Amino acid sequence: MAVSAVRGGRLSIVPVFHRHHHLHRPQILFSDKDNSSSRRHPNGSGSKRFTFSARYSQAQDLFSSTRLQDSLERLPKLVEDIVQTSVNTGPRGAIRLAQGIQAVIGVGGEWLADVSKSTNSSARLPTEMQLGLLSPLYVRRLFERLGATYIKLGQFIASAPTLFPPEYVQEFQNCFDRAPVVPFEDIQRILHEELGRPIDSVYEYVDSTPIASASIAQVHGARLRGSQEDVVIKVLKPGIEDILVADLNFVYIVARILEFLNPEFSRTSLVGIVKDIRESMLEEVDFYKEAANIESFRGYLETMGLTRQATAPKVYHHCSTRRVLTMQRLYGVPLTDLESISSLVSSPEASLITALNVWFGSLLACESFHADVHAGNLWLLRDGRIGFLDFGIVGRISPKTWAAMEVFLASIATEEYESMASALIEMGATNKDIDSRAFARDLEKIFSSIQDLDTEIVVATARGTTTGATAVSANVVVDERQMNALFLDVVRVSESYGLRFPREFALLMKQLLYFDRYTRLLAPNLNMLQDQRISIVSNRRSKYGDSFK
């Protein structure tokens with residue numbers, strides 16, 4: 001499990017290894033409502049499901065007079081919501097339903113074929129076959145057949161090892177590399193439709209082989225006619241918006257029905273979470289919004305005098321639309337490529353400090369901050385600057401939330417758990433009184449159980465490697481799939497006290513975990529939260545200009 005060790009005051013997110021070099025199965029935190037102390041359950045995610053079942057089985061009878069009256073009062077709103085959502089979905093819903101049935105039949109056929117092969121070679125069916133379409137393999141295959149929305153949901157499962165059984169987490173890792181490539185003829189057709197003129201009147205050439213193909217968009221290299229500038233063209237895959245709307249509306253209706261049938265789900269903000277996912281995913285298919293995000297960030301860099309330290313790609317508006325985004329092509333390497341970075345700059349640590357300062361400064365000085373700084377989106381460019389790429393996912397933070405976040409970060413570095421609890425209470429929304437001391441004790445249990453893990457991870461990786469750099473790089477690769485575990489533990493315990501956090505808290509935590517990975521690779525001795533060279537900005541905007549001098 002990816003956990004946080006505080007050694008020498010530095011936040012360190014590290015995975016735990018067994019003696020046989022396998023990832024330690026993540027432990028699940030539980031918290032009784034009648035007992036503020038948390039405990040670790042040795043049986044992992046399976047026991048978690050039993051705990052949830054027990055909690056629900058003890059709930060008030062669904063058909064009690066009070067419950068029934070409340071349900072009747074909420075029923076008209078539920079029906080209205082379902083009808084309105086269905087109308088908004090339109091014919092797309094029927095089409096996706098038919099495609100869903102076709103996908104289930106297709107995967108069912110695969111299962112029957114695999115069962116037939118197994119029965120011919122063995123007297124007993126493997127456990128995976130016995131589970132049928134509910135087994136991890138066939139659920140993953142079904143998600144891939146259903147397309148972009150479900151591939152993204154599969155990626156979420158793969159990134160949440162403390163929420164789902166390990167067999168599903170492992171199987172859904174395959175969703176990260178399974179986005180199908182759209183034929184170049186379809187890309188050409190979309191470009192012609194969107195630009196409204198012949199492609200060769202805009203671009204001197206467009207490379208038919210994509211640079212990247214994600215679940216929502218495909219990226220091709222090109223060169224502009226006239227200026228001869230190298231660009232990349234991000235093209236929305238055909239029909240993807242209709243698919244997303246239909247799928248997300250369906251998921252929303254299911255969430256609404258679940259909350260209606262069991263109010264326990266409303267306490268976990270199930271519908272709110274689905275709404276947030278729907279809003280953020282639909283923003284990704286509007287390239288006008290992404291272009292505005294890029295321009296805002298570039299404006300921030302220019303205003304703060306940071307254009308020599310960092311950049312974002314220039315947007316070419318004359319050949320960009322809602323479905324096509326043409327941007328300057330930047331050349332560089334991801335921040336996880338230590339060997340290449342060392343050949344470009346004399347001090348990888350200095351480059352990382354620049355990236356941290358620019359990103360921290362954008363939290364309040366810019367209209368939005370980059371909320372997806374994984375290695376593919378944060379590069380060291382050939383000219384030594386930091387390149388921020390892909391602004392499809394951004395966040396906006398209020399001064400109040402950031403003030404609490406600053407206290408939270410400082411308390412991690414100093415191991416002051418009561419201060420940490422107070423910051424989280426200030427940041428979250430709740431309708432009940434919280435025992436801050438009990439909350440602090442529960443938070444301490446999350447962090448105190450991971451002492452000496454730095455030594456353990458170094459020993460484990462050193463056995464299979466020959467150089468320190470390779471060992472650190474191996475840590476990064478292993479941690480890629482486990483990096484959300486600490487955040488999920490903190491959120492789970494916080495929710496047991498009735499706290500609900502704003503979306504920006506989750507976005508901020510995820511980016512800090514990314515930066516912690518870069519720190520362990522490029523500057524192992526750097527204290528990200530306490531180093532005086534790193535400006536974790538305050539809410540006094542007037543001081544931003546001085547933060548980078």
Side-chain angles (χ1 to χ4, degrees), residues 85-86 88-103 106 140-158 172 174-196 199 206 208-220 222 232-253 274-294 319-327 371-372 376-377 389-394:
T85 303
S86 300
N88 292 340
T89 305
R92 299 174 287 199
I95 295 173
R96 283 300 284 164
L97 177 61
Q99 291 173 340
I101 294 173
Q102 185 179 11
R140 192 260 299 168
R141 288 182 180 179
L142 178 61
F143 275 31
E144 289 177 351
R145 281 178 176 260
L146 287 170
T149 310
Y150 292 90
I151 289 175
K152 278 190 165 291
L153 291 175
Q155 292 172 356
F156 174 77
I157 293 173
F172 275 98
N174 295 310
C175 283
F176 285 105
D177 304 313
R178 296 299 179 90
V181 174
V182 174
F184 186 59
E185 293 75 18
D186 292 340
I187 296 296
Q188 289 178 306
R189 176 179 53 80
I190 294 172
L191 287 174
H192 182 74
E193 290 175 356
E194 290 296 304
L195 299 177
I199 298 175
V206 179
S208 60
T209 303
I211 297 173
S213 180
S215 57
I216 286 177
Q218 191 159 296
V219 179
H220 287 260
V232 292
I233 312 170
K234 187 174 182 179
V235 182
L236 196 66
K237 290 187 173 180
I240 195 66
E241 189 170 8
D242 284 346
I243 292 172
L244 284 177
V245 169
D247 290 349
L248 293 172
N249 283 352
F250 172 74
V251 173
Y252 172 75
I253 288 174
V274 171
K275 280 184 175 179
D276 190 55
I277 292 174
R278 181 171 63 174
E279 180 181 347
S280 61
M281 287 181 69
L282 290 179
E283 279 192 0
E284 288 189 64
V285 300
D286 185 350
F287 291 161
Y288 282 133
K289 291 184 178 179
E290 182 170 352
N293 294 336
I294 295 174
C319 46
S320 294
T321 68
R322 193 173 189 275
R323 300 170 63 201
V324 172
L325 182 59
T326 303
M327 300 170 286
D372 197 22
N377 292 340
L389 312 177
D390 195 343
F391 283 74
I393 302 176
V394 298

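Remember, it's a predicted structure, so these values are computed and weren't measured experimentally. Numbers here simply count residues along the sequence, with the first being 1.
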> To the closest 0.5 Å, what do you measure between SG (C319) and CE (M327)?
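Here the rounded value is 11.0 Å.
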
> Look at the side chain of Q218 and the backbone N and O of V182, then say whether any donor-acceptor pair between them is shorter than 3.5 Å.
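Such a contact is found between Q218 side chain and V182 backbone.
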
> Would you give the length of the straight line joining atom CD1 of I233 to atom CD1 of I187, rounded to the nearest 0.5 angstrom?
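Output value for this atom pair is 9.5 Å.
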
> For the pair R189 and E193, find out whether any cationic side-chain nitrogen is under 4.0 Å from an anionic carboxylate oxygen.
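Yes, R189 and E193 are salt-bridged.
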
> Side chains of K289 and F391: closer than 4.5 Å at any heavy-atom pair?
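The answer is no; the side chains never approach within 4.5 Å.
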
> Identify the heavy atoms of F287 and V324 that sit nearest to each other, and give their distance.
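In this case the closest contact between F287 and V324 is CD1-N, 3.5 Å.
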
> Do you know the tightest heavy-atom contact between E194 and R322?
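Heavy atoms only, the tightest pair is OE1-N, 4.2 Å.
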
> Does I393 reach the side chain of E284, with side-chain heavy atoms less than 4.5 Å apart?
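Yes, at least one pair of side-chain atoms sits under 4.5 Å.
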
> Calculate, to the nearest 0.5 Å, the distance between atoms CD1 and CD belonging to I199 and Q188 respectively.
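Those atoms lie 5.0 Å apart.
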
> If you round to the nearest 0.5 Å, how far is OG1 of T321 from CG of D286?
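One finds 9.5 Å between CG of D286 and OG1 of T321.
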
> State the NZ-CD1 distance between K234 and I211, to the nearest 0.5 angstrom.
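K234 NZ to I211 CD1: 12.5 Å, rounded to 0.5 Å.
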
> Rounded to the nearest 0.5 Å, what separates atom CG in L325 from atom CG in L236?
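Rounded to the nearest 0.5 Å, the CG-CG separation comes to 11.0 Å.
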
> Considering the options V245, I243, I216, which one meets the side chain to side chain contact (heavy atoms under 4.5 Å, CB included) requirement together with V285?
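The side chain to side chain contact (heavy atoms under 4.5 Å, CB included) with V285 is passed solely by I216 among V245, I243, I216.
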
> Using a 3.5 Å distance criterion without hydrogens, assess whether the side chain of K237 forms a donor-acceptor pair with backbone atoms of A214.
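Yes.
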
> If we ignore hydrogens and angles and just use 3.5 Å, is the side chain of N377 paired with the main-chain N or O of D372 as donor and acceptor?
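Side chain of N377 to backbone of D372: a pair is present.
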
> Which atoms form the tightest heavy-atom contact between F250 and Y150, and what is the distance?
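Closest approach of F250 to Y150, heavy atoms only: CD2-OH, 4.0 Å.
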
> Taking the side chain from T326 and the backbone from S320, do they hold a donor-acceptor pair closer than 3.5 Å?
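No; zero donor-acceptor contacts below 3.5 Å.
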
